[in-house]
There are 2 protein chains.
Amino acid sequence: MAPVGRPRSDASHAAILKATYELLQEEGLARLTLDKVARRAGASRSTLYRWWPSRGAIAMEATLDTINREMSLEPQGDNALAEYRRLLKSVARAMRGGTGAIIAGILAECQRDPETLRLYKEKLVGPRRAEIMPLLQRGLADGSIRADVSPQTILDMTFGAIYHQLLLHIPTEDAWMDGVIDILVNGIAAKPSR
Amino acid sequence: MAPVGRPRSDASHAAILKATYELLQEEGLARLTLDKVARRAGASRSTLYRWWPSRGAIAMEATLDTINREMSLEPQGDNALAEYRRLLKSVARAMRGGTGAIIAGILAECQRDPETLRLYKEKLVGPRRAEIMPLLQRGLADGSIRADVSPQTILDMTFGAIYHQLLLHIPTEDAWMDGVIDILVNGIAAKPSR
DNA sequence: ATATTACGGTACAACATGCCTCGTATTCTA
DNA sequence: TAGAATACGAGGCATGTTGTACCGTAATAT
């Protein structure tokens, strides 16, 4: 059941994603136009419209690999909270670079195009949450994390904090991240003396 | 030292802001064009360009009053944490309505226009933080909040969480907000038995 | 009266989008 | 080997938005 007709050009596909990623780094998603992508990739605008539904979709595909690579999670066997702390710092570090600007641009695009939002949740948020969740589950199971908190809410708070800084163009310094983690772990309430 | 020449028309100014706010509610900032604003306000585009540097600036001015009204903070004399909880819930509630969509749009606009970002920080984030800060300071002073946490970071985490939901178009339910506050106050670490 | 400034209206170039058509290239099937 | 099917690059075109400029007119101070 081989497909009939001229097959999709892998060369074109790759050239378009490469051109997109370069332009994202140089100018950001806000100033990315399909025309510039097509010209740099040596492709035609028709081809872009043929395969991608929106500017956001191209940007997403062009960035996914890099994002997943930069925010990798390599378990090192110590307790869950220590590992989560390492993860958050690695994310914060990645967000200080060009990737942060790209993500901010994607989040902005999500506000004007529902399809981009859907893709963002499906291709980026979902998989990354699924990847991190076992870590928090481990913490819940071994008693290092309170059993009555929702791991989803933990993610909402920590990533929410990081992304909010990102949108306000405030660098997520390591010291700031430490403060966030301290509050996350210990809370802000003054403890009664033990 | 009275100004010479025809004075700026207050009627036009007001009509433009009114038209902007209406259009924001109807279509969102993404689909707001200066032309539509001008036509509905019975003004001319020249007048808009004369007084505002950008679309974001008009949207900001048109929304500021509403935003400040909806997220009002009325002290009720109980302890600082309880009051902060009430404030966050009132914010979460406001964000579920049309105001949330407008803010999301402004945050998106901030990613494509640095001037809008500057205005957002100066006119919205700054004043609101300054308004809330005394509340947290009171908590620090009376010992209900740990003395070694930064009130800024508390705001970063809580508002970051809310705004992140906002950008992902996930309604900030009261129950979710309760979970966030619980983590904020008590932390996620399992406490040693007292 | 005159200078000064704001107003609404209009025109303009520049650019981006989305859709369409064309001639050509590459592959499978008969 | 011919033909059908599909993808390709190139480019045209209507539409809409932006930013700037210019006009004649309106309102105010000196």
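Below, chains carry the letters A, B, ... as their sequence lines are ordered, and counting in each starts from 1.
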> Hey, is the side chain of A:Trp51 poking within less than 4.0 Å of OP1 or OP2 on D:dA7, counting only N and O atoms?
Replying inline: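 A:Trp51 to D:dA7 OP1/OP2: no side-chain N or O under 4.0 Å.
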
Just jot down the salt bridge (charged side-chain N to carboxylate O under 4.0 Å, His left out) partners of [X], sequence neighbours excluded, or say none.
X	answer
A:Arg45	A:Asp35
B:Lys121	none
B:Arg112	none

>> Expected output is a numbered-order residue list: members of residues 39-50 of chain A with a heavy atom under 4.0 Å from any atom of DNA chain D. What is it?
In response: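 Only A:Gly42, A:Ala43, A:Ser44, A:Arg45, A:Ser46, A:Thr47, A:Arg50 qualify.
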
> Going by the salt bridge (charged side-chain N to carboxylate O under 4.0 Å, His left out) test, which pairs reach into residues 50-64 of chain B, not counting sequence neighbours?
Replying inline: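 Non-adjacent pairs meeting salt bridge (charged side-chain N to carboxylate O under 4.0 Å, His left out): B:Arg55-B:Glu109.
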
> Which pairs with one or both residues in residues 160-176 of chain B pass salt bridge (charged side-chain N to carboxylate O under 4.0 Å, His left out), sequence neighbours excluded?
Replying inline: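 Found B:Arg96-B:Asp174.
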
Just to verify, what does [X] make a side chain to side chain contact (heavy atoms under 4.5 Å, CB included) with, not counting sequence neighbours?
X	result
A:Gln165	A:Ile170, A:Thr172, A:Trp176, B:Asp156
B:Glu122	B:Arg118
B:Pro53	B:Ala57, B:Glu115
A:Asp178	A:Arg85, A:Lys89

> Which of residues 6-13 of chain B have a heavy atom under 4.0 Å from DNA chain C?
Replying inline: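 Contacts with DNA chain C under 4.0 Å: B:Arg6, B:Pro7, B:Arg8, B:Ser9, B:Ser12.
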
> In residues 18-38 of chain A, what residues come within less than 4.0 Å of DNA chain C, judged by heavy atoms?
Replying inline: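 Those residues are A:Thr33, A:Leu34.
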
> Do B:Tyr21 and B:Ile102 come within less than 4.5 Å of each other through their side chains, counting heavy atoms only?
Replying inline: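 They are in contact (side-chain heavy atoms under 4.5 Å apart), so the answer is yes.
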
> Which whole-number value in Å describes the distance from A:Asp113 CG to C:dA16 P?
Replying inline: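 A:Asp113 atom CG is separated from C:dA16 atom P by 18 Å.
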
> Nearest-Å distance, CH2 (A:Trp52) to C1' (D:dA7)?
Replying inline: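 Atom-to-atom, A:Trp52 to D:dA7, this comes out as 13 Å.
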
